[in-house]
Amino acid sequence: MKTHLTELLATAAKTIAPDVANLNIVLERPKSAEHGDFASNLAMVLAKPLKQNPRVLATQIIDALPTSDYIAKTEIAGAGFINFFLNTQSKQAVIKDILRAGKRYGCNQSGHDANGKTQKVQVEFVSANPTGPLHVGHGRGAAVGDCLARLLDANGWDVTREFYYNDAGAQIDNLTVSVLARCKGISTEHEHFPEDGYRGEYINDIAAAFLTKHTVVADDIEVTASGDINDLNSIRAFSVAYLRHEQDLDLKAFQIQFDVFSLESALYANGTVEKTVQALIKSGHTYEQDDALWLKTTDFGDDKDRVMRKTDGGYTYFVPDVAYHTEKWNRGFVRVINEQGADHHSTITRVRAGLQALDIGIPQGWPDYVLHQMVTVMRGGEEVKLSKRAGSYVTLRDLIEEVGCDATRYFLAARRADSQLVFDIDLARSQSNDNPVYYIQYAHARICSVLGQWNDDPAKLAHVDLTPLGNQHETALMQRLSEFPEVVANAAHELAPHIIANYLKELASDLHSYYNEYKFLIDDEQLKMARLSLICATQQVLKNGLDLLGVSAPKKM
RNA sequence: GCGCUCGUAGCUCAGUUGGAUAGAGUGUUGGUUUCCGAAGCCAAAGGUCGUGGGUUCGACUCCCGCCGAGCGCGCCA
């Protein structure tokens, strides 16, 4: 419908102003129903180049509009807006569209290339180091990242969900000595406990499991502890595997699945890191100074150059990151989206600089980043500090157990990623009935209940006469339903899952208002079927939207 | 000090490439069920969109200064 109206306006513009090129025709959905179903500011945009009064121009544009079966009337309003009012028949058409498309309603193919083939996109998210269980911040990344993946899938992309483990750095050494200390029975307060060691309770659990020679399985690896506290390699391998297993359980509880787990250690083992370093040296963007190797990231917009190889011979963390992204590119991802905490934002410039220095055809600004701000957790009116090292720790699994998976996912995905989020555990638990996610699910359950009582074949609803629909609530609901495809496209374009959450709240509100105002199971057979058809379509869109958030759509609550 | 993100109702937050009277939820107040689910609906009240300039037909939105919050600024990850 939107493209149809745009074409009409383009035709009119060509008649009125043949000399104005590159005209960007904007159609918006007015906030108020008085202003029609669509509005355009075309006359105001043309006013300047044509040096004419916008309202006069609006009249000329309307006169030049080709006739259309979908438009009931057009009006000029305000400073020169052209408002379009659709006839009821074209508004009703959305119901049949939805019932025909089913769970595909709202999807599009913007992820396809010029030849209509799907393109590969990777969403990397969570990517927590295996040094502790996942906490609320990881949960935000998990909720947002998974929704992004679902959105891109709905927009026609071939999506790979990927989790990257930093299992080869100083933090792993730290984990190893922390577990070792616990194996020796050194308490976290004792002066011989590693100064920056991990002090969480879970370190104790790992130590105990190590000493009793447990076996853990995580992803594709299986490790049996040697139980020998002089065997640092065994402690390291066992600790990492143990925590990877714990994180797997966290993700499972959050109902998130990954397609690929990548390991930093593998990039060293298979020579990718070394190959990348050699390629960077060859590129001419490196130099030796103070016994270290530097990358001239200032050539690519950084504010100072960065060390690649330290004086002790080891590489700094962004070197394997560059190697990893080179590998992503070589795997054919024309698009990569990294979802991570905003505290890592300084890596963006360095990784992109490294990729540009390699000069292997990677476009500037690749990969994309979505950064989420900190999550502050409140309990009992006080902030809970999320320090792995201090040991006071709100884990994602605790949160899911208290609040529920659906509500946790909704809460963490329903806000703009780049604004700070306050997660009040007491509020989420004590007032869980006021949680917006239940409001949306309730709308879905209500429809299920009505259709259940109707107790007939829903397939009949796809071909009923819709002409009886037209009251204020029905019109608003139909309009909202017709917006869904635009919302899905926009949310993907903006990489902003919260747009879906907000839309669903409004759709649920429309449904609840309608539900309270009118009855559906009535004697008037024609009207009844039309209304059931409308709420059946609403049920479908609620379900599709909740699916995009990874939230369930229960039939009963 | 420099960089990034942000500042909208008492609180938590939306606000679609600059558009018409800035919206929800929650909280407060008052209504609403012989009727498909009241986890609902309806209404009232609540605002100098941090602040001061600028750009233009028009600014919560774009630009600059200032104030305030978070994060980053390491040969840690």
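Chain letters run A, B, ... following the sequence lines, proteins first, then strands; residues in each count from 1.
- Under the rule for a ring pair (Phe, Tyr, Trp, His ring centres under 6.0 Å), the partners of A:H512 that lie at least two apart in sequence or sit in another chain are A:Y439, A:Y442.
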Please tabulate, one pair per line, each protein N/O and nucleotide N/O from nucleotides 18-20 of chain B that are separated by under 3.5 Å, including the distance.
unit_1	atom_1	unit_2	atom_2	d
B:rG19	N7	A:N41	ND2	3.2
B:rA20	OP2	A:K31	NZ	3.1
B:rA20	N6	A:N83	OD1	2.8
B:rA20	N1	A:N83	OD1	3.4
B:rA20	N1	A:N83	ND2	3.3

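- If you check every strand for non-hydrogen atoms under 4.0 Å, A:Y518 touches a base.
- Take the nearest nucleotide of RNA chain B for A:K555 and for A:R29: the residue whose nucleotide is more 5' is A:R29.
- Here, B:rA69 and B:rC75 have their P atoms 28 Å apart, quoted to the whole Å.
- Rounded to a whole angstrom, the distance from the C1' atom of B:rA77 to that of B:rG72 is 13 Å.
- Contacts of A:F484 classified as ring pair (Phe, Tyr, Trp, His ring centres under 6.0 Å), with partners at least two apart in sequence or in another chain: A:Y503.
- For the contact set between residues 410-419 of chain A and RNA chain B, defined by any heavy atom under 4.0 Å, the members are A:R415, A:R416, A:D418, A:S419.
- Only the P atoms considered, B:rU8 is 12 Å distant from B:rC49, to the nearest whole Å.
- As rounded to the nearest Å, B:rC11 and B:rC4 have C1' atoms that lie 27 Å from one another.
- Annotation: ring pair (Phe, Tyr, Trp, His ring centres under 6.0 Å) contacts of A:Y324 (sequence neighbours excluded): A:Y164.
- Distance check on atom C1': B:rG58 versus B:rA20 gives 10 Å, rounded to whole Å.
- Residue-level contact check: A:D290 touches the bases, meaning some heavy atom is under 4.0 Å from a base atom.
- Scanning for salt bridge (charged side-chain N to carboxylate O under 4.0 Å, His left out) contacts around A:D291 gives an empty result, with sequence neighbours left out.
- Less than 4.0 Å separates RNA chain B from at least one heavy atom of each of the following residues of residues 519-532 of chain A: A:K519, A:F520, A:L521.
- With sequence neighbours excluded, the residues that form a side chain to side chain donor-acceptor pair (under 3.5 Å) with A:E506 are A:R480.
- Under 3.5 Å, the side chains of A:N83 and A:E75 contain no donor-acceptor pair of N or O atoms.
- Nucleotides B:rA9 and B:rU5, compared at atom P, are 22 Å apart to the nearest Å.
- When heavy atoms are screened at a 4.0 angstrom cut-off, A:S449 is found touching base atoms of the nucleic acid.
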- Message: For a side-chain hydrogen bond (donor to acceptor under 3.5 Å, both in side chains) check, start with the C-alpha distance between A:N338 and A:H344, then their side-chain angles and the critical distance, and finish with the verdict.
- Response: CA-CA 11 Å; A:N338 293 325; A:H344 292 85; over 6 Å; no

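- In this structure, A:H35 has no ring pair (Phe, Tyr, Trp, His ring centres under 6.0 Å) partners at least two apart in sequence or on a different chain.
- Looking only at distances, a side-chain donor or acceptor of A:H444 sits under 3.5 Å from a matching main-chain atom of A:P554.
- Every residue two or more places apart in sequence or in another chain was checked for a salt bridge (charged side-chain N to carboxylate O under 4.0 Å, His left out) with A:K555, and none qualifies.
- Within the nucleic acid shown, A:M557 comes within 4.0 Å of at least one base atom, counting heavy atoms only.
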Collect all protein-nucleotide pairs involving nucleotides 1-4 of chain B in which both atoms are nitrogen or oxygen and the distance is under 3.5 Å.
unit_1	atom_1	unit_2	atom_2	d
B:rG3	N2	A:H345	NE2	3.4

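- Counting only N and O atoms by type, the side chains of A:Q479 and A:T475 include no donor and acceptor under 3.5 Å apart.
- Counting any heavy atom pair closer than 4.0 Å across all strands shown, A:H498 reaches sugar-phosphate atoms only and no base atom.
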- Secondary-structure notation, RNA chain B, from Watson-Crick and G-U pairs under 3.5 angstrom (| other strand): (((((((..((((.....[...)))).(((((.......))))).....(((((..]....))))))))))))....

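- At the heavy-atom level, A:Y515 lies under 4.0 Å from base atoms of the strands shown.
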